[in-house]
Q: 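This is the structure, below, for whatever I ask next.
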Amino acid sequence: MALDNKLNIANSAELAREEERISKKKAIELFESGFMDSLTPGTFDSLAQIHKFLFDEIYDFAGEIRKVNIAKGNFRFTPVMYLKPALENVEKMPQSSFDEIVEKYVEMNVAHPFREGNGRSTRIWLDNIFKNELGMVVDWSKIEKEDYLLAMERSPVRDIEIKHLLKEALTDKVGDREVYMKGIDYSYYYEGYVTYRSSEMK
């Protein structure tokens, strides 16, 4: 079953294709419009605005905190009842060094604030923090899929692997459209991790 959507698509595979097409188009607009320059890096509001920009044509919940509990495999993301305080805590985390930024990214991933589209939005959010704090962004094409998946799965208890992968992939080409588009393309390459099977737990 497909998530409820503005496109009135009932088939999950068809919805996934349209979601990819539309959100990639919106991601290009996000880059070219200069909209990111108006956001405060590292805040939840900036992440919510990125999510809304990417998915507003597809989902009513774009930019809104999820109202259901979700899980991937045996891992349950932050329960709804604790989600708002968790997001407040993540927002307060420092972000002045590489290690601090990655630790903040890991905690935002554990929160998984949206019903769908967390991975794509959060990677753009992460790059915006890196750009503003360190003058760097991630060249996602330098990171192997399986390495990333395993590192992110283990990151809540051991973040040394994801820190190593991201540090090795940093580049100072912050305004390079090609590097940005590699990141957008890789957002879909990584969908084995970010498109989880959602379980609605009361």
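Here the structure is a predicted model, which means the values were calculated and not measured.
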Q: Once rounded to the nearest 0.5 Å, what's the spacing between atom CD1 of Ile65 and atom NE2 of His112?
A: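 Interatomic distance, Ile65 CD1 to His112 NE2, rounded to 0.5 Å: 14.5 Å.
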
Q: Start with the C-alpha gap between Lys182 and Asp139, add the side-chain angles, then the distance that decides, and say whether side-chain contact (heavy atoms from CB on, under 4.5 Å) holds.
A: CA-CA 7 Å; Lys182 285 179 183 178; Asp139 183 346; 3.7 Å; yes

Q: Going by side chain to side chain donor-acceptor pair (under 3.5 Å), name the pairs with one or both residues in residues 43-52, residues two or more places apart or in two chains.
A: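 Non-adjacent pairs meeting side chain to side chain donor-acceptor pair (under 3.5 Å): Thr43-Ser46, Asp45-Gln49, Ser46-Trp125, Lys52-Asp56.
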
Q: With a 4.5 Å heavy-atom cut-off, do Lys72 and Glu153 have their side chains touching?
A: yes

Q: Using a 6.0 Å cut-off, check whether atom CG of Asn11 has over 12 heavy atoms from anything other than its own residue.
A: yes

Q: Would you tell me whether Glu19 and Tyr59 have side-chain atoms, one donor and one acceptor, within less than 3.5 Å of each other?
A: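 Per modelled atom types, Glu19 and Tyr59 side chains form a pair under 3.5 Å.
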
Q: Where do Asn128 and Asn132 come nearest, in terms of heavy atoms and distance?
A: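 Shortest heavy-atom contact: O-ND2, 2.7 Å.
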
Q: Can you list everything that forms a salt bridge (Lys or Arg N to Asp or Glu O under 4.0 Å) with Lys25? Sequence neighbours excluded, please.
A: Glu57

Q: For the CG atom of Asp159 and the NZ atom of Lys163, what is their distance to the nearest 0.5 Å?
A: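 Asp159 atom CG to Lys163 atom NZ measures 4.0 Å (nearest 0.5 Å).
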
Q: Decide side-chain contact (heavy atoms from CB on, under 4.5 Å) for Ile101 and Asp99; before the verdict, give the C-alpha distance in whole Å, the side-chain angles of both, and the deciding distance to 0.1 Å.
A: CA-CA 5 Å; Ile101 293 169; Asp99 283 355; over 6 Å; no

Q: Is the gap between the ring centers of Phe130 and Phe98 under 6.0 Å?
A: yes

Q: Between Arg120 (side chain only) and Ser23 (backbone N and O only), is there a donor and an acceptor less than 3.5 Å apart?
A: no

Q: What are the two closest heavy atoms between Pro156 and Val110, and how far apart are they?
A: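 So the two residues come closest at CG-CG2, 3.8 Å.
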
Q: Give a yes or no on whether Ile160 atom CD1 has more than 12 heavy-atom contacts from other residues, nucleotides or ligands under 6.0 Å away.
A: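 Incorrect, the count does not exceed 12.
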
Q: Mind listing the closest non-hydrogen atom pair of Phe114 and Gly63 along with its distance?
A: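 Result for this residue pair: CE2-C, 4.0 Å.
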
Q: Could you tell me whether the side chain of Asn89 and the main chain of Leu87 form a donor-acceptor pair under 3.5 Å?
A: no

Q: With rounding to the nearest 0.5 angstrom, report the CG to CD1 distance, Leu149 to Ile162.
A: 9.5 Å

Q: Going hydrophobic residue to hydrophobic residue with side-chain gaps under 4.5 angstrom, can you get from Val137 over to Tyr105?
A: no

Q: With clusters defined by side-chain heavy atoms of hydrophobic residues (ILVMFWY) lying less than 4.5 Å apart, directly or transitively, does Leu170 cluster with Val174?
A: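 Each belongs to a different hydrophobic cluster.
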
Q: Side-chain contact, heavy-atom cut-off 4.5 Å: Phe61 with Leu3?
A: yes

Q: Give, for atom CG of Asn5 and atom CD1 of Ile22, the distance between the pair rounded to the nearest 0.5 Å.
A: 9.0 Å

Q: Heavy-atom distance under 4.5 Å between the side chains of Asn109 and Asn118, does that happen here?
A: no

Q: Drop me the distance from Leu15's CG to Ile58's CD1, to the nearest 0.5 angstrom.
A: 7.5 Å

Q: So, for Glu168 and Lys142, which heavy atoms are closest and what is the spacing to 0.1 Å?
A: O-CD, 4.5 Å

Q: Report the distance from atom CD of Glu161 to atom CG of Leu166, rounding to the nearest 0.5 Å.
A: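 Between atom CD of Glu161 and atom CG of Leu166 there are 11.5 Å.
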
Q: Indicate yes or no: at least one non-hydrogen side-chain atom of Met136 is less than 4.5 angstrom from one of Lys131.
A: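 When only atoms from C-beta onward are counted, Lys131 and Met136 do not touch, as no gap falls below 4.5 Å.
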
Q: Side-chain contact test, heavy atoms from C-beta onward, threshold under 4.5 Å: evaluate it for Arg17 versus Glu20 and give yes or no.
A: no

Q: Are any of the side-chain heavy atoms of Val179 and Trp140 separated by less than 4.5 Å?
A: no

Q: Within the 4.5 Å heavy-atom criterion, are Phe77 and Asn69 side-chain neighbours or not?
A: no

Q: Under 4.5 Å between side-chain heavy atoms, hopping through other hydrophobics if needed: is there a path connecting Ile124 to Phe35?
A: yes

Q: For atom NZ of Lys6, is the number of surrounding heavy atoms from other residues, nucleotides or ligands below 6.0 Å larger than 12?
A: yes

Q: Where is the tightest heavy-atom contact between Thr78 and Ala86, given as atom of each residue plus distance?
A: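 Distance-wise, the nearest heavy atoms are CG2-CB, 4.0 Å.
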
Q: Apply side-chain contact (heavy atoms from CB on, under 4.5 Å) to residues Leu30 and Lys26 and explain how you reach the verdict.
A: CA-CA 6 Å; Leu30 187 64; Lys26 296 297 292 185; over 6 Å; no

Q: Under a 4.5 Å cut-off applied to non-hydrogen side-chain atoms, are Ile50 and Met36 in contact?
A: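 SC-SC contact between Ile50 and Met36 confirmed.
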
Q: When you group the ILVMFWY residues by side-chain heavy-atom contacts below 4.5 Å and let the links chain together, are Leu150 and Val102 in the same group?
A: no

Q: Quick one: do Ser121 and Phe55 satisfy side-chain contact (heavy atoms from CB on, under 4.5 Å)? Show the steps, please.
A: CA-CA 10 Å; Ser121 303; Phe55 298 104; 3.7 Å; yes

Q: Report yes or no: does Tyr82 contribute a side-chain atom to a donor-acceptor pair with the main-chain N or O of Ala111 at less than 3.5 Å?
A: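 A pair under 3.5 Å: no.
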
Q: Looking only at side-chain N and O atoms, does Gln95 offer a donor or acceptor that is under 3.5 Å from a partner on Glu100?
A: no

Q: List the atom of Met108, the atom of Pro113, and the distance in Å for their closest heavy-atom pair.
A: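 Reported closest heavy-atom pair: O-CD, 3.9 Å.
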
Q: Quick one: does Lys104's side chain have a donor or acceptor within less than 3.5 Å of a partner on Gly42's backbone?
A: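 Side chain of Lys104 to backbone of Gly42, a donor-acceptor pair under 3.5 Å: yes, one is there.
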
